[in-house]
K.L.:
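So that we are looking at the same thing, I have put the structure below in structure tokens.
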Amino acid sequence: MKKQILLVFSMLIILIFGQTTFVSAQCDLTVNMEDSYGDGWNGASIKFYDGATLLGTATLGNGYSGTATISAPDMTDISMVWTAGSYPEECAFTVFNGINIEVYVCEFLEFPAPGEFFVFTNVCSTVGTDINLIDFVIPARIAAGELSITGIVRSERDTPITSFDVVYSIDGVDSELYTFNDLNLQFNETLEFTHPQVANVEVGSHEAELRVENINGQGDDDNPNNNSLNAQFLCVNEVFVKNVVYEEGTGTWCGWCPRGLVGLNTMAHNYTDGTWIGIGVHNGDPMTVTEYDQGIGTFISGYPSGVMNRQNVFDPGLSTLEPAYLIAKQEVPLAKIEITGKTWDAGTRELTVETASNFAMDLTETSYNLSMVIVETGLSGTTSQWNQANYYSGGAYGDLIDWDGTNWADLPNPVPAADMVYNHVGRVLVGGWNGVPGIIPADVNYGNAYTYEFNYTLDENFNPEEVDLVVM
């Protein structure tokens, strides 16, 4: 009887185990979200996928900050997909995996392109050994010559990292192997390293790879998929200074537009080396240039707002404008344009402007046009259309202080025309919104200056003492 009971019990165990479904471990991803303007993400969101399965969506409905948690499987590749809202430049976020390791950081102004923008492996346990190569520090454009190869690694398990080997390759050619040892890299600690062998790179486009290997002298770690990074970069003959052009849609009727007036005034006061160029493009008021207004309208969706280098849209408030400019001016341009001479005839009011365009390398199949904008400062009028609407009046939306100390919270709404002076106003598009075609050939050569002469008769209502010329 005893044997029969044991047999039945054994069969029951087999039956139960035979029906069991094993599920992989799950843990929570954390997304910390911020909005610089305080009105939420305006429709922007991050979707998290495990293959084709949507795990969850992170978005900020309103306010300055918020947190989302998304449950995700252990040791599974998670893809992040960005949906852009109305003002993506106001969005920032940090994503942490299941063991609270920072896997992705998006600062203000650095929003990703729509669609899938990053894939990472989720981790739910700290047990084991893992070194993650989190950054390959190499600019997108550099001057030809010597290039130091730098990377940043992070330990993402409990076992300390004591050594690792590093190899890099450029266009498929490997460097020497170098071992970094005598280390004690603890969980979630990072280390920046530079390979002692300096690369020599020539003008042109290059592909590079950086690899860390033989972790702690024992070969692969627990996750070798995060031990290499690739980069593409361009070498040019010469690094030109980057000038940043910001064209801002504004209007006297717009109660929020004093924010842009202050932004452009303060930037012009703080940055006088020529790398900052701010232009106010007016809409629906006496300073409107229809073609310019329509051109800006293809970029912006509201007022005030503006486009930097005709690429990215940013709010003209100083807290957004200044960091966007500082990032943009670090770019290495492929070309520069200079005003090499100008002639002004006060009698005929004829203006002649000579320009030269130079390129940092030989390029083929280019498409460049040239444009000149006449910008005037110190404009004023007497009719009510020159009054400036001012929603900051009374201080309900905080202080708005210009570089000279003027606080728009202390000014009326509207500010009377008699008290208004408008600066940095785009007054004329010489060559049109799209510029003059055919000046720059499709194939350009380094060392050749491509010249062009702009001619314009300045209207009587312009003050030549307050006119600036912008060629681009």
Side-chain angles (χ1 to χ4, degrees), residues 74-78 94-105 107 118-236 239 330 332:
D74 186 25
M75 297 307 295
T76 299
D77 286 343
I78 307 298
T94 304
V95 179
F96 299 86
N97 67 10
I99 55 174
N100 205 35
I101 293 284
E102 184 182 279
V103 295
Y104 193 91
V105 178
E107 303 287 357
F118 190 69
V119 178
F120 66 96
T121 303
N122 187 37
V123 179
C124 294
S125 172
T126 63
V127 176
T129 304
D130 183 29
I131 190 171
N132 186 356
L133 180 62
I134 61 175
D135 200 3
F136 186 178
V137 186
I138 186 168
R141 293 177 187 166
I142 61 171
E146 293 188 341
L147 172 65
S148 293
I149 302 298
T150 298
I152 301 174
V153 293
R154 179 171 58 208
S155 174
E156 299 193 352
R157 296 291 192 280
D158 289 336
T159 303
I161 303 300
T162 58
S163 68
F164 58 89
D165 298 341
V166 176
V167 178
Y168 69 84
S169 69
I170 295 180
D171 299 327
V173 179
D174 278 357
S175 69
E176 299 172 358
L177 181 147
Y178 184 80
T179 301
F180 291 87
N181 49 32
D182 298 325
L183 307 174
N184 186 24
L185 198 62
Q186 300 292 319
F187 172 72
N188 208 16
E189 289 185 345
T190 60
L191 173 70
E192 181 175 315
F193 63 88
T194 299
H195 197 291
Q197 181 182 348
V198 176
N200 283 285
V201 289
E202 299 178 346
V203 173
S205 179
H206 301 278
E207 294 187 1
E209 182 187 34
L210 183 61
R211 307 189 301 271
V212 294
E213 305 171 342
N214 193 28
I215 314 307
N216 290 350
Q218 298 179 356
D220 286 344
D221 58 12
D222 294 344
N223 184 19
N225 293 331
N226 61 12
N227 291 2
S228 66
L229 287 174
N230 296 291
Q232 292 183 330
F233 63 96
L234 186 67
C235 285
V236 296
V239 176
Q330 298 304 315
V332 175

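Computation of the quantities below employed the complete heavy-atom set of this structure, encompassing side-chain atoms and omitting hydrogens, waters and symmetry-equivalent molecules. Quick note: residue numbers are just sequence positions, from 1.
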K.L.:
What I'd like to find out is whether the side chain of Phe193 reaches to under 4.5 Å of the side chain of Val166, using heavy atoms alone.
P.N.:
yes
K.L.:
Taking only residues two or more places apart in sequence or in another chain, which ones pass ring pair (Phe, Tyr, Trp, His ring centres under 6.0 Å) with Tyr168?
P.N.:
His195
K.L.:
Please find the pair of heavy atoms, one from Phe164 and one from Ile215, that lie closest to each other, and give the distance.
P.N.:
CB-CD1, 3.9 Å
K.L.:
Starting at OG of Ser205, measure out to CG of Asp171 and round the result to the nearest 0.5 Å.
P.N.:
8.0 Å
K.L.:
Of the non-hydrogen atoms in Pro139 and Phe233, which two are nearest, and what is the gap between them?
P.N.:
O-CB, 3.3 Å
K.L.:
Are side-chain heavy atoms of Glu207 and Ile170 found at a separation under 4.5 Å?
P.N.:
no
K.L.:
Looking at CG of Asn97 and SG of Cys124, how far apart are the two atoms once the value is rounded to the nearest 0.5 Å?
P.N.:
8.0 Å
K.L.:
On a heavy-atom basis, which atom in Gln197 and which in Ser175 lie closest, and how many Å separate them?
P.N.:
OE1-CB, 3.6 Å
K.L.:
Find out whether Val95 and Glu102 are in side-chain contact, i.e. whether some heavy atom of one side chain is under 4.5 Å from a heavy atom of the other.
P.N.:
no
K.L.:
Do the side chains of Ile142 and Val201 get nearer than 4.5 Å, heavy atoms only?
P.N.:
yes
K.L.:
When you measure from the side chain of Ser155 to the backbone N and O of Asn188, does any donor-acceptor pair fall under 3.5 Å?
P.N.:
no
K.L.:
Glu202 versus Cys235: any side-chain heavy-atom pair under 4.5 Å?
P.N.:
no
K.L.:
Within this structure, what is the CG-CD1 distance for the pair Leu133 and Ile131, rounded to the nearest 0.5 Å?
P.N.:
8.0 Å
K.L.:
Just verifying a value: how many Å separate Thr179 OG1 and Leu177 CG, rounded to the nearest 0.5 Å?
P.N.:
5.0 Å
K.L.:
According to side-chain hydrogen bond (donor to acceptor under 3.5 Å, both in side chains), does anything in residues 138-152 pair up with another residue at least two apart or in another chain? List the pairs.
P.N.:
Thr150-Thr194
K.L.:
Evaluate the side-chain proximity of Ile149 to Leu210: yes if any heavy-atom separation is below 4.5 Å, no if none is.
P.N.:
yes
K.L.:
Could you give me the CA-CA distance, side-chain angles and deciding distance for Leu191 and Leu183, then say whether side-chain contact (heavy atoms from CB on, under 4.5 Å) is met?
P.N.:
CA-CA 10 Å; Leu191 173 70; Leu183 307 174; 4.1 Å; yes
K.L.:
Please collect all salt bridge (charged side-chain N to carboxylate O under 4.0 Å, His left out) contacts where either partner lies in residues 152-162, sequence neighbours excluded, each pair once.
P.N.:
Asp130-Arg157, Arg154-Glu156
K.L.:
Please round to the nearest 0.5 Å and tell me the distance separating atom OG1 of Thr162 and atom CZ of Phe180.
P.N.:
14.0 Å
K.L.:
Phe187 and Thr159: side-chain contact (heavy atoms from CB on, under 4.5 Å), yes or no, with the steps?
P.N.:
CA-CA 7 Å; Phe187 172 72; Thr159 303; over 6 Å; no
K.L.:
Got Ile161 and Asn216 here, is their nearest side-chain heavy-atom distance under 4.5 Å?
P.N.:
yes
K.L.:
Which value, rounded to the nearest 0.5 Å, describes the distance between Asn184 atom CG and Ser163 atom OG?
P.N.:
11.5 Å
K.L.:
I need the full list of salt bridge (charged side-chain N to carboxylate O under 4.0 Å, His left out) pairs touching residues 214-232, with sequence neighbours left out, sorted by first then second residue.
P.N.:
none
K.L.:
How close do Asn214 and Gly219 get, counting heavy atoms only, and between which atoms?
P.N.:
OD1-N, 2.9 Å
K.L.:
With Glu209, which residues qualify under salt bridge (charged side-chain N to carboxylate O under 4.0 Å, His left out), at least two apart?
P.N.:
Arg211
K.L.:
A side-chain contact here means heavy atoms from C-beta on lying under 4.5 Å apart; do Val332 and Val236 qualify?
P.N.:
yes
K.L.:
Walk me through it: do Asn226 and Thr121 pass the test side-chain contact (heavy atoms from CB on, under 4.5 Å)?
P.N.:
CA-CA 9 Å; Asn226 61 12; Thr121 303; over 6 Å; no
K.L.:
Testing the basics here: between Leu229 and Phe136, what is the closest heavy-atom pair and its distance to 0.1 Å?
P.N.:
CD1-N, 3.6 Å
K.L.:
Of all the heavy-atom pairs spanning Val239 and Ala143, show the shortest one and how long it is.
P.N.:
CG2-CB, 3.6 Å
K.L.:
Show me the pairs that pass salt bridge (charged side-chain N to carboxylate O under 4.0 Å, His left out) and involve residues 182-201, at least two apart or across chains.
P.N.:
none
